[in-house]
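Beneath this line is the structure, given in structure tokens, with notes to follow.
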Amino acid sequence: MKIWLTWLLAACWLPLSALRAQTPRAEVRIHAGVPALFVDGQLTAPYAYMSYFGAAPYYREAAAAGIHLYNVPAYLGDQGINSASGIRPFREAIWKAPQEYDLDGVEREMDILAEADPAARVIIRLHLDPPLWWERQHPGQLSLQPGGNTFRVSLYSPQWREEAGAALREVVQRLMRSRHGQRLIGVHVAGGSTEEWFYHFKDAFHDRSDVRLQAFRQWSRSDTATLADISGQHATGRWSNDPRFHKTMAFHAENMTRLIAYCCGIVKSASDGQLLTGAFYGYHLFVNDARRGHGDLSTLLRCRDLDYLSSPNDYNRVSGEDWMPMVAVASLRLHGKLWLAENDTRTFKTTLLRERRPDVEPPGDWYAKGVWIGPESPELSVSFLKKNLARMMAYGYGGWWFDMWGGWFSDPRLLAVLKSGQDYFKRYAATDVPQMRPQVAVVADERLQLMDASFGKLTGAITGNRYALGKTGAPFDVYLRSDLRQMPARYRFIWLMGLPALREDESALIRSWMEQGIHVLHTDTAGTTYYRPGHTGERFPQQVAWTADALAELYTKAGVHRYLPPGDVVYAGRGWLAVHSGAGGGKHVRLPERGTVTDPETGKVIVRNSRSFLFELPAGGTRIFRVSFKP
């Protein structure tokens, strides 16, 4: 009996030990002051390649550019990722029937990738929405529309949560046991509309399902609690003072972060801690409608099972603007989470979906206009990619080059930018350069949107200041309000951007900062107050939006170093300096102290032991420099 039990235990243990032996260990550690990616103990370039329609020629291009980290999409379900556009599915569903999963399609794609790049390492982006057969079998677990019809899974469904979680666990373990298990380093858990943990809705947000009501009552610990109407039918142009509205919106956001944390926990458990975990979430600086569910980043940052977060760059994709992340990245750094930008940058090689996959495109012109059109100029395309790269390097985070429909980067000039990122990572040691640390801190309140009865318009008037911030000529860090007390004490100017009703401890902080010589700008829902040492607060009633020129003037009073006059986009930090200019022309850059500036591509010294230097930029151009200072 003892021998039989020993054999049984060994049979259960051997597969787990085998998984641990063949699968790389991926983790995020603090390195040179920022969260960094390590694979099997080796510092790894946090730049990846991804395409929805991955193909061998594109994988070979990425590998030739020195990229060996890939995101590969996979889907439990068989419905398109964008529930608003009606786009059709990109792949076959993995989840075939109850407790029946087919990973052949994923493995075939991994075969293609492995042949194109034998050194490939992979993060699987797994969309957890269920297939149609599941929805038909569980109509009570779907969102309920006003007319009585159902529409996609309700992300409050406990049954979907449990069964999708079981599917996730099984998929992770099968992939680790597969012939490509040695390539797998992580799972990006995705769900909801566009894989970004947005709630599904058709024309407006409605989910009158019983599962949502029951989840709310469980969350609020009341058997009689009722939800506020957040359909938008009664939208106003005012901030709401209705506690039930605030509570409903808070529940809406917290449900989403609980789901993400739950899924990350499954990946960590199923992989015995070997795999990286990440998700899209926290778009509080760009998505201002709280009905999307992105108002609870502070909770998710405390999740030990989460390694990284992502978003696309700001979608105001025009020349001369800072395409900043949608998230308070400095708060991620405080909590040890890596930020990976989704650089879905359109280029002159970008094609329309209907040209690549007409079988996938929905009726109409959703994917044939606006942001889906790339710039005509190869030079501007190169500039945009350089701008993406420069921001990642200067602020110490990573990302992936998202070749969405495939072929968007298939030009030697574009691939050269991707390659330069890999080369710079190898050639220049990651380092914190104290002289280049931002002297401006911006503090955003992600929960501001939870009281916005206009469903985003009022909040957007405040978060829209990100465009002015990007053109002040000075770098800046963005934190969450919940991290106010954890911010480093090195800033000369602090903007409390969109913080209503300051608490007493926050008012005390302002007084303390002023005593230290720090200038403070506080924007609430009704206007702005400017605090400077030795003066009482100066009130600007009804002014919640600021220009780059006005901010730069305040920076000067606070003694903030500006590399350029306001107007151009400047990225500076960690030994990297970049300038992107919509207008172009001659640029006179001022350094914080005497330093040496080189061209990182050629190694040629531009100036040595100087406080400034000159250069020319074409309209829409981007230039990247390497800067060093004597100890």
Side-chain angles (χ1 to χ4, degrees), residues 32 34 36-37 43-51 58-71 117 119 121 313 319 322-323 339-350 374-375 377-403 407-431 433 436 569-581 589 596-606 615-618 620-628:
V34 296
L37 174 62
L43 181 65
T44 301
Y47 310 128
Y49 171 89
M50 179 178 175
S51 175
Y58 309 141
Y59 289 143
R60 285 194 290 268
E61 287 177 345
I67 296 173
H68 301 293
L69 180 60
Y70 300 85
N71 292 48
D117 183 2
R121 293 282 176 82
N313 299 310
S319 178
D322 175 18
W323 306 351
W339 177 252
L340 295 179
E342 180 168 86
N343 297 301
D344 55 341
T345 304
R346 282 57 164 163
T347 72
F348 80 102
K349 296 289 290 185
T350 294
S377 160
E379 292 77 18
L380 191 56
S381 301
V382 168
S383 175
F384 285 168
L385 295 183
K386 283 186 174 181
K387 185 154 72 82
N388 293 157
L389 177 62
R391 206 180 206 293
M392 292 189 290
M393 295 190 304
Y395 303 125
Y397 57 82
W400 58 87
W401 303 105
F402 195 7
D403 189 10
W408 290 14
F409 309 131
S410 297
D411 181 272
R413 291 162 290 187
L414 305 179
L415 292 168
V417 180
L418 276 58
K419 185 176 187 301
S420 68
Q422 305 301 117
D423 292 344
Y424 295 162
F425 186 85
K426 294 177 182 177
R427 197 185 319 160
Y428 299 100
T431 182
V433 179
M436 301 183 78
V569 177
V570 174
Y571 302 141
R574 307 184 63 77
W576 296 103
L577 173 64
V579 178
H580 169 74
S581 176
V589 178
T596 297
V597 180
T598 59
D599 182 329
E601 293 185 24
T602 64
K604 180 181 177 180
V605 175
I606 297 171
F615 71 100
E616 293 279 336
L617 265 183
T622 302
R623 186 80 184 272
I624 301 175
F625 303 95
R626 185 71 181 172
V627 183
S628 62

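Everything quoted here is computed from the prediction, not taken from an experiment. Atoms considered below: every heavy atom in the structure, side chains included; atoms not considered: hydrogens, waters and symmetry mates.
- Two residues are said to be in side-chain contact when any heavy atoms from C-beta on lie closer than 4.5 Å; Ser410 and Tyr58 meet this criterion.
- Here the closest non-hydrogen pair linking Lys386 and Val417 is N-CG1, 3.8 Å.
- Two residues are said to be in side-chain contact when any heavy atoms from C-beta on lie closer than 4.5 Å; Phe384 and Asn343 fail this criterion.
- For the pair Ile624/Met393, a side-chain contact is recorded, criterion being any heavy-atom separation below 4.5 Å from C-beta on.
- With contacts defined as side-chain heavy-atom distances shorter than 4.5 Å, the pair Trp400/Glu342 qualifies.
- The heavy-atom pair separating Leu340 from Gly399 by the smallest distance is CD2-N, 3.5 Å.
- Leu69 is listed as a side-chain neighbour of Leu37, based on a closest heavy-atom distance under 4.5 Å.
- Rounded to the nearest 0.5 angstrom, Leu418 CG and Glu61 CD are separated by 9.5 Å.
- Rounded to the nearest 0.5 Å, atoms CZ (Arg623) and CD (Glu601) are 8.5 Å apart.
- Atom CG of residue Leu389 and atom CZ of residue Arg391 lie 13.0 Å apart, to the nearest 0.5 angstrom.
- Applying the ring-ring contact (aromatic ring centres under 6.0 Å, His included) criterion to Trp576, with sequence neighbours excluded, gives Tyr424, Tyr428.
- Heavy-atom minimum distance, Ser383 versus Gly621: OG-C, 3.3 Å.
- Nearest heavy atoms, Ala572 versus Leu577: CB-CD1, 3.8 Å.
- Summarising the geometry, atom CG belonging to Asp411 is positioned 8.0 Å from atom OG1 belonging to Thr347; distances are rounded to the nearest 0.5 Å.
- A 4.5 Å side-chain heavy-atom check between Phe348 and Leu380 finds every atom pair outside the cut-off.
- Taking every heavy atom of both residues into account, Ala45 and Phe425 meet most closely at N-CE2, 3.4 Å.
- Proximity of a side-chain donor or acceptor of Thr596 to a complementary backbone N or O of Ser628 within less than 3.5 Å is not detected.
- At a threshold of 4.5 Å between non-hydrogen side-chain atoms, the residues Ile606 and Phe615 do not count as touching.
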Stepwise side-chain contact (heavy atoms from CB on, under 4.5 Å) test for Thr44 and Arg121: CA-CA 11 Å; Thr44 301; Arg121 293 282 176 82; over 6 Å; no

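- By the 4.5 Å heavy-atom criterion applied to side chains, Asp117 and Tyr59 are not counted as neighbours.
- Rounding to the nearest 0.5 Å places CD of Glu379 at 6.5 Å from CZ of Arg413.
- Not a single ring-ring contact (aromatic ring centres under 6.0 Å, His included) links Tyr47 to another residue, sequence neighbours left out.
- Note: Thr598 OG1 to Lys604 NZ = 12.0 Å, rounded to the nearest 0.5 Å.
- For the pair Asp403 (side chain) and Trp408 (backbone), a donor-acceptor distance under 3.5 Å is present.
- Between Gly374 and Arg346, the shortest heavy-atom contact is CA-CB, 3.5 Å.
- Taking Phe409 as the reference, nothing meets the ring-ring contact (aromatic ring centres under 6.0 Å, His included) condition, with sequence neighbours excluded.
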Intermediate values then yes/no, side-chain contact (heavy atoms from CB on, under 4.5 Å), Thr345 and Trp323: CA-CA 10 Å; Thr345 304; Trp323 306 351; 3.8 Å; yes

